[in-house]
Structure formats: structure tokens, C-alpha cells
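First up is the structure itself, then whatever we jot down about it.
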Amino acid sequence: MAKSKSAKISFVIPVFNEQDGIKNFLDKHFLPEVAKISKYKKEIIFVDDGSSDNTLKIIQDYAATNNDFKIIAFSRNFGKEIALSAGIAHATGEAVIMMDSDGQQPTKYIHDFIKAWENGSDIVTGIRTDYNKGHGLIPRLGSKLFYKLLNKMGYKNTIPGSTDFRLLDRNVVNEYNKLSEHNRITRGLIDWLGFEQTIVEYKYNDRIAGKSSFDFKKLLHLAVNSFISLSTTPLIVLAYIGAFIMIGSFFLGLFVIIQQYILGDPLQLYWNGAVQMSIFITFLVGLILVSQATTALYISHIHAEAQDRPLYIINKKQSRNLEDK
Ligand code: UDP
Ligand code: MG
């Protein structure tokens with residue numbers, strides 16, 4: 001499908017304490033690739049996620065001379081996921097490409113993304129073929145388990161190695177902007193939205209400068225968060241375990257009553273009162289687990305609805321070229 005001449009492509013780039021590498025990223029990698037896009041208008045949205053170094057100042061300087069630059073400056077660090085959401089919400093283009101600012105996602109692929117979009121793709125997803133690179137054994141095993149579990153939970157769309165390096169069509173962006181949860185994993189939510197995804201494989205570059213702000217603790221937090229925010233499966237598993245215990249001990253109890261008291265212990269088990277009592281208690285434990293999980297399910301729904309704070313706070317004074325939203 002040919003896109004209209006006046007179509008615009010928005011780039012969304014979250015930045016957090018990237019002062020050492022951002023100039024190199026922009027001058028040597030990003031801007032030269034963007035300059036090759038001649039068919040479309042461009043908009044480059046930087047979301048400064050409360051950097052405490054010179055990052056914001058540096059991109060403000062770029063914005064002063066380049067009208068394609070827009071800056072959303074957060075009042076504090078809200079995290080990359082929220083930063084992406086803010087950028088997507090402010091994007092005005094017909095397609096939105098999101099990418100990191102550290103040079104790890106090779107900028108040359110934006111042309112492949114755009115081509116796939118021109119061919120009718122609603123979502124183009126960058127898949128890391130080396131997604132284990134640069135991580136220790138435990139995060140590696142963890143990420144394997146994470147994707148396995150996600151898939152088991154019904155998130156069949158989530159491909160191991162899929163990243164936030166993506167292009168979204170305006171259709172998808174409009175749907176994404178309707179989502180209101182606060183605990184969000186951008187990838188997970190986009191996968192949840194559905195739509196067909198075109199995959200572009202790439203390898204992670206080394207960081208231009210600085211180091212990843214995602215240590216093991218942050219990654220674990222992200223993983224737990226995505227399970228809890230994407231699904232209630234853990235609760236349902238709890239309910240199943242409870243139901244299993246309950247039903248098992250119910251039949252065991254029934255067996256004792258029939259075998260011992262009605263038939264007169266033909267199996268000669270001589271199960272005494274203590275055994276009978278523990279079977280009964282096991283039954284009660286199962287019952288408690290089931291009711292607890294059910295209650296927790298209700299609470300989780302209320303919790304999801306009750307979160308009504310704004311997703312992020314923008315520092316208007318520090319933002320640039322931003323339309324009021
Ligand atoms: N980032 C952000 N807020 C944060 C942490 C990171 O906006 O709290 C940005 C960061 O500047 C970079 C991108 O998110 O552009 C990816 O971060 P990082 O390289 O630390 O993550 P990794 O590549 O290890 O996944
Ligand atoms: Mg990185």
C-alpha cells in the first residue's frame with residue numbers, strides 16, 4: 001500500500017542519563033539514517049526520563065536548531081516503559097518508530113521497518129537474534145523461563161528476543177493510547193493488542209557509552225510486573241492447586257468412611273483418628289487456598305481499576321516544540 005506523500009513518521013526515543021553517548025548516536029548513527037528518508041515528513045520525539053546529567057541540555061540544543069525535534073521532559077525518572085508511552089501518546093505521525101538512544105539497536109534497520117509498513121504491516125518488531133548476549137547465566141536462564149511462562153500463559157504473540165525496537169502504524173498507536181494501566185510493559189501490551197507483526201531480525205550493538213540501567217534486580221522486577229499486570233494466571237494456578245488438594249482429600253475422606261466404617265476395614269489399614277483428622281485438615285487447607293485465590297482475583301480487578309493517577313508528569317518548562325495535550 002503506497003503511503004501518502006504528506007505522511008509523517010514519528011520517532012520515539014527515551015533517554016536517561018545518556019550524556020556520554022547521545023551526541024555520537026545522533027550525529028553518527030541516527031540523524032544520517034533519518035536524513036535518507038526523503039518520502040516522508042519526520043518528527044523526532046525525545047522523552048527525557050528525568051536524567052540527572054547533561055542529557056536534556058544536549059537534546060535541547062539540537063531542538064533549538066532542528067524543528068523536527070520535540071522534547072518531552074519528565075519531572076523525574078518514571079522508567080523506560082512510561083517514557084515510551086508518553087512518546088507514543090504525543091506522536092502525530094502515521095507511523096511511530098521507537099528505539100533506544102544508546103546505539104544498541106542498529107539505526108539502519110529503520111528503512112526495513114518503513115518498507116514493511118509500506119507493504120501493509122501494522123506492527124514491525126525487531127527481534128534480537130543474540131538476545132542472550134551480554135547477560136550472565138542467571139538472567140539468561142531467567143529470560144528463557146520468562147518467555148516460556150509468557151507463552152504458557154497464552155501470550156503466544158510474544159517471541160523470544162522481541163524488543164521495543166518497533167514500528168507501529170497509526171491504527172495500533174490509537175489503540176495503544178487507549179490502554180490505561182499504570183504497570184506497563186510496552187512489548188507485552190503491544191503483543192496483547194494483536195495485529196499482525198512483521199519481524200526484522202537484528203543483532204545488538206555494543207553501547208556507545210555508559211552502561212545499561214537495567215541490572216538483574218530491575219529485570220526481575222520487570223518480569224514479575226509483566227506477569228502480574230498481563231495476567232492473573234498465578235492466582236488461577238493457586239486456585240487450581242487448592243482445588244486439587246480439596247478434591248483429593250475429599251475422595252480420600254470418602255474412601256476412609258466407606259472402607260473403614262461401612263465395609264469394616266477389609267483392607268486392614270487401621271487408620272486412626274489422627275490420620276482421619278489430617279485428611280480433614282488437608283481438605284480445609286485446599287478450601288482456604290481456593291477461597292483465598294478467588295478473593296485475590298477480585299482484589300486484583302479492583303486494584304487495576306482503582307489506579308487513576310496520571311501515567312507521568314511533564315515538566316513543561318524544559319520540554320520543547322510540544323503541542324499541548
Ligand atoms: N531508559 C529510560 N529510562 C530508564 C532507563 C533507561 O528512558 O529508567 C532509556 C535509555 O536511555 C535507553 C533505553 O531506555 O535509551 C534502553 O535502556 P538501557 O540501554 O539501559 O537498557 P538495555 O539496552 O539494557 O535494555
Ligand atoms: Mg541499551
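One-based numbering, in listed order, for ligands and for the atoms of each.
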- [ ] Using the six-membered ring of F78, assess whether NZ or CZ of R76 lies under 6.0 Å from its centre and within 45 degrees of the ring axis.
- [x] yes
- [ ] Decide whether an N or O pair under 3.5 Å exists between F16 and ligand 1.
- [x] yes
- [ ] Please work out whether any backbone atom (N, CA, C, O) or any side-chain heavy atom from C-beta onward of N17 is under 4.0 Å from ligand 1, and answer side chain, backbone, both or neither.
- [x] neither
Open item on the list: Going by the rule ring-ring contact (aromatic ring centres under 6.0 Å, His included), which residues pair with F283 if we only count those two or more places apart in sequence or in a different chain?
Closed with: none
Task: Value rounded to 0.5 Å, distance of OH in Y62 from CZ in F69 - done: 7.0 Å
Open item on the list: Within ligand 1, which atoms have a heavy atom of E18 less than 4.0 Å away?
Closed with: 10 (C), 11 (O), 12 (C), 15 (O)
Open item on the list: Can you tell whether the side chains of K8 and D68 come within less than 4.0 Å, N to carboxylate O?
Closed with: no
Task: ligand 1-proximal atoms of K80, by part, heavy-atom distance under 4.0 Å - done: both
Open item on the list: Checking F11 now: which residues fulfil ring-ring contact (aromatic ring centres under 6.0 Å, His included) with it, not counting sequence neighbours?
Closed with: F30
- [ ] Please list, chain by chain and in numerical order, all residues satisfying ring-ring contact (aromatic ring centres under 6.0 Å, His included) with F16, sequence neighbours excluded.
- [x] none
TODO: Return yes or no for this condition: an N or O of G79 is under 3.5 Å from an N or O of ligand 1.
DONE: no
- [ ] Indicate, with yes or no, if L238 and M246 share a hydrophobic cluster defined by side-chain heavy-atom contacts under 4.5 Å among Ile, Leu, Val, Met, Phe, Trp and Tyr.
- [x] no
- [ ] Would you mind telling me if ligand 1 is within reach of the side chain of D100, the backbone, both or neither, using heavy atoms under 4.0 Å?
- [x] both
Open item on the list: With a 4.5 Å cut-off on side-chain heavy-atom distances among I, L, V, M, F, W and Y, is there a chain of contacts connecting V275 to F255?
Closed with: yes
TODO: Compute the minimum heavy-atom distance from Y204 to ligand 1 and say whether it is under 4.0 Å.
DONE: yes
TODO: For a salt bridge (Lys or Arg N to Asp or Glu O under 4.0 Å) with K80, tell me which candidate from D48, D49, D164 qualifies.
DONE: D164
TODO: Any atoms of ligand 1 less than 4.0 Å from a non-hydrogen atom of S101? List them with their elements.
DONE: 11 (O), 12 (C), 15 (O)
Open item on the list: Just to be sure I understand the site: which N, O or S atoms from the protein are less than 2.8 Å away from the Mg ion (ligand 2)?
Closed with: D102 OD2, Q104 OE1
Task: Numbered atoms of ligand 1 (with element) below 4.0 Å of D49, judged on heavy atoms - done: 2 (C), 3 (N), 4 (C), 7 (O), 8 (O)
Task: Lys/Arg-Asp/Glu bridge criterion (N-O < 4.0 Å) met for K36, E33 - done: yes
